[in-house]
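Shown next, in structure tokens, is the structure this report addresses.
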Amino acid sequence: MSRFLEGLNDEQRHAVETVDGPLLVLAGAGTGKTRVITVRAAYLLERGFRPEQLLLATFTNKAAREMRERLRGLAGKAVEGATIGTFHSFCGRLLREHAPRLGLPRGFGICDGSDQQSLVKAALRELRIPEATVHPRAAHARISLFKNTLVGPGDALEQAADDWDELVARCYVKYEEALGRQRVVDFDDMLLKALQLLEQHEDIRAPLAERYARVMVDEYQDTNGPQYRIVRALAAGHGNLCVVGDDDQSIYGWRGADVRRILEFEKDFPGATVVRLETNYRSTEEILDAANKVIRNNPKRHGKTLRAWAGHGDKVRVLTMEDESHEAQYVAAEMQWAHDSREERWRDMAVLYRTATQARALEVELRSMNVPYRLVGGMSFFDRKEVRDLLAYLRLAANPHDETSFLRIVNVPPRGIGKGTVDKAVARATEDGSDAWSAFRVLRDAGELPAQATRSFTALEAALDACRHAAAHGRMVDAVHALVAEVDYRAEVDRAYGDDVTRDLRWNGVGELLDFAENHQRRAKDPTLESFLQELALEADDDRKDEDDDGTQDAVTLMTLHGAKGLEFPRVYLVGVEEGILPHRRSALEGSLDEERRLMYVGVTRAREVLTLSFCAQRAKFGKAVVCHPSRFLFEMKEKQPPDTWLPVEQHVTA
DNA sequence: CAAAACTGCCTTTTT
DNA sequence: GGCAGTTTTG
């Protein structure tokens, strides 16, 4: 018997040993899902598959990293060569390789979320649609959903049910045009264009399908249309596809994920083996009981009942707090007590919340009590202004068509190129069907630019040249240095930030970008500006830095429920469990209450031993205090009826 | 014509 | 409590 099968329960072993044909592993929270995937991969290697034949797709970089590390622990060096990564990184590589087939230059850029936002705004402006009528954020979300459900701009226009839909559809058309003009792809395009390569170019698909003899997909419940079809294209023919997931943890419906994918796997792939993992090795009975009581209120489920392997533990607590700062104070104080008196480690505690903004109150309290914390997601390193500025420079160097980046830095640091001049160039670009950068060159060469703008633009060209020159020799650090020096970015930081503390903090961001550059230069096989930028775009959530030697720093974790999926902590606080937050107020309108319930379920099942939920009597919204009501999910959990005074979020008066 | 000061607007979740 | 858009100043 394979040593890899030792210590697995019957179901887990069944999943691992089913090496041929379609396999659906329905893995409830804490049932050893990651273990099954990694052991199965190691088992396949042991059975003679070469690592090159394995494809393991995940949704987050974090998950990919964990898989790789655990697989390395099991199989050692034998893993090298296996493809383990997010859908986006896999697609990115495929795109880079076949860019010309799609009419893209090799140096095509990748827009991140905030670039997408800027493009949507530009499109709205172009269409003279006021932002009050169509919120850029909402439009972007809708466009993204269109793309993730494989609805093109033309179809979107035709399908438009009301005025709002039509405006968004028209914005979608402009948005796509802008992407094309700027030779950039957004996150959604990475999947769509990779799918196009696979479905329309058999000479690309067939060798890949042949190569990847065993395909595995993690978190299958979160697969959206394009991802599903990519998987299908790769597994076509041999059908050796193993998907692992939990319909109760599908929380990405808003991104086009469709729970039906996992509910109907057996229809999609006839003859599929189905394995259910229902023994939970993570949580106490009390915690699982709470989780089960909540999730059973959802109508459409595969239907699993988690059995606790661990015994009884503490009761699940629900606390009422005056407001969010009291809530934060309480949580911070109790964690400190647990650390000091019970010798619990900071890293074993987490505070989870529905929306990223809820972190602020917690940060304030944790900081004042000197509790070390690690804020995951939210305002990331890549959202910082100075990092985004330099990134825009780099992207412009790689792809001068990238107008979003150009417009961002054209006058940062201030170099005397004002709005009037920029508008003129943009108008010219629109006329010529070119881009702002080219238009600037044309205008300058024609002597139609103000003197200062002419000088500055020429200096900018020189800066980008210097950057490209360094990058061409694989020296990413020098490339960044060249930019910083040429544009005198240090002076800009000094100018923009008055006090020494923020100034140092900001300049620090530049240093960290240099660290990334050094890292890439050292690790990448063939470091180019393009590969560096792709890594930066796709691993924006990278939180590997500032960790201890053993890989994890000892700090309390603060993160959203979405970010917490797949993780576990002995002590968990779930804060802000209120109508309007969890479930979120938008969910009532969108009819996604089931998804909010799954989110609650995800939160509850993160806890191993101690789970505390809390809600506030009132909380500040837009600077005003608003009365709050405990979440319906708390009543479901405690099997109680809400009192007469309770109001569901649907009936909240928004004054 | 460009930069600094000021005001009013929103805040779901992520690759 | 931040940022984008607007007004005011240089």
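Letters A, B, ... are given to chains in the order of the sequence lines, protein chains preceding strands, and every chain is numbered from 1. When reading the values below, keep in mind they use all heavy atoms of this one structure, side chains included, and skip hydrogens, waters and symmetry mates.
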Pairs under 3.5 Å (N/O, protein and nucleotides 2-7 of chain B):
residue : atom : partner : partner atom : Å
dA2(B)  : OP1  : G418(A) : N            : 2.6
dA2(B)  : OP1  : T421(A) : OG1          : 3.3
dA2(B)  : OP2  : K419(A) : N            : 3.4
dA3(B)  : OP2  : N411(A) : ND2          : 2.6
dA4(B)  : OP1  : R495(A) : NH1          : 3.4
dA4(B)  : OP2  : R495(A) : NH1          : 3.2

Quick test: give all pairs of protein nitrogen or oxygen and nucleotides 4-7 of chain C nitrogen or oxygen below 3.5 Å, distance rounded to 0.1 Å.
none

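With sequence neighbours left out, the ring pair (Phe, Tyr, Trp, His ring centres under 6.0 Å) criterion links F615(A) to no other residue. With sequence neighbours excluded, the residues forming a ring pair (Phe, Tyr, Trp, His ring centres under 6.0 Å) with F457(A) are W437(A), F440(A), listed by chain and number. For E199(A), the salt bridge (charged side-chain N to carboxylate O under 4.0 Å, His left out) partners at least two apart in sequence or on another chain are R229(A). Taking H88(A) as the reference, F187(A) meet the ring pair (Phe, Tyr, Trp, His ring centres under 6.0 Å) condition, with sequence neighbours excluded. Every residue two or more places apart in sequence or in another chain was checked for a salt bridge (charged side-chain N to carboxylate O under 4.0 Å, His left out) with R455(A), and none qualifies. In this structure D402(A) satisfies the side-chain hydrogen bond (donor to acceptor under 3.5 Å, both in side chains) test together with R395(A), S405(A), sequence neighbours excluded. Considering only residues two or more places apart in sequence or on other chains, D258(A) meets the side-chain hydrogen bond (donor to acceptor under 3.5 Å, both in side chains) condition with R260(A). Residues meeting the salt bridge (charged side-chain N to carboxylate O under 4.0 Å, His left out) test with E327(A), sequence neighbours left out: R619(A). Legend: residues meeting ring pair (Phe, Tyr, Trp, His ring centres under 6.0 Å) with Y373(A), ordered by chain and number and at least two apart, are absent.
One atom, NE2 of H140(A), and another, C1' of dT12(B), lie 14 Å apart when rounded to the nearest Å. If you measure from atom OH of Y353(A) to atom P of dT14(B), you get 9 Å, rounded to the nearest angstrom. Atom CG in L536(A) sits roughly 15 Å away from atom P in dT15(B) (whole-Å rounding). With rounding to whole Å, K565(A) atom NZ is found 11 Å from dT13(B) atom C1'. dT15(B) atom P lies 14 Å from atom CG of D218(A), rounded to whole Å. In this structure, NE2 of H135(A) is placed 14 Å from C1' of dT12(B), rounded to the nearest angstrom. Between the CZ atom of R354(A) and the C1' atom of dT13(B) there is a distance of 5 Å, given to the nearest Å. Between the CG atom of D112(A) and the P atom of dT15(B) there is a distance of 12 Å, rounded to whole Å.
In this structure, the nucleotide among dT15(B), dT13(B), dT12(B) sitting nearest to the side chain of A356(A) is dT13(B). In this structure, of dT14(B), dT12(B), dG1(C), it is dT14(B) that holds the atom nearest to the side chain of T560(A). The side chain of R137(A) has dT12(B) as its nearest neighbour among dT15(B), dT14(B), dT12(B).
Between R585(A) and E579(A) no salt bridge is recorded (no basic side-chain N to carboxylate O distance below 4.0 Å). Using a 4.0 Å cut-off between charged nitrogen and carboxylate oxygen, K300(A) and D594(A) do not count as a salt-bridge pair. One finds a salt bridge joining E595(A) and R598(A) here, because a Lys/Arg side-chain nitrogen approaches an Asp/Glu carboxylate oxygen to under 4.0 Å.
dT15(B) has no stacking from H88(A) on its base ring, since the centres under 5.5 angstrom apart and planes within 30 degrees of parallel are not both found. Using a 5.5 Å limit on the distance between ring centres and a 30° limit on the angle between planes, the aromatic ring of F59(A) does not count as stacked on the six-membered base ring of dT15(B).
Nucleic acid contact for Y252(A): sugar-phosphate only, since backbone atoms but no base atoms lie under 4.0 Å from a heavy atom of the residue.
Where F187(A) and T357(A) meet DNA chain B, the nucleotide closest to each residue was compared, and T357(A) sits on the side nearer the 5' end.
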In dot-bracket notation, what is the pairing pattern of DNA chain B, taking Watson-Crick (N1-N3 plus N6-O4 or O6-N4) and G-U wobble (N1-O2 and O6-N3) contacts under 3.5 Å, with [ ] crossing and | for other strands?
||||||||||.....
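Within the 4.0 Å cut-off from OP1 or OP2 of dT12(B), at least one side-chain nitrogen or oxygen of R586(A) is found.
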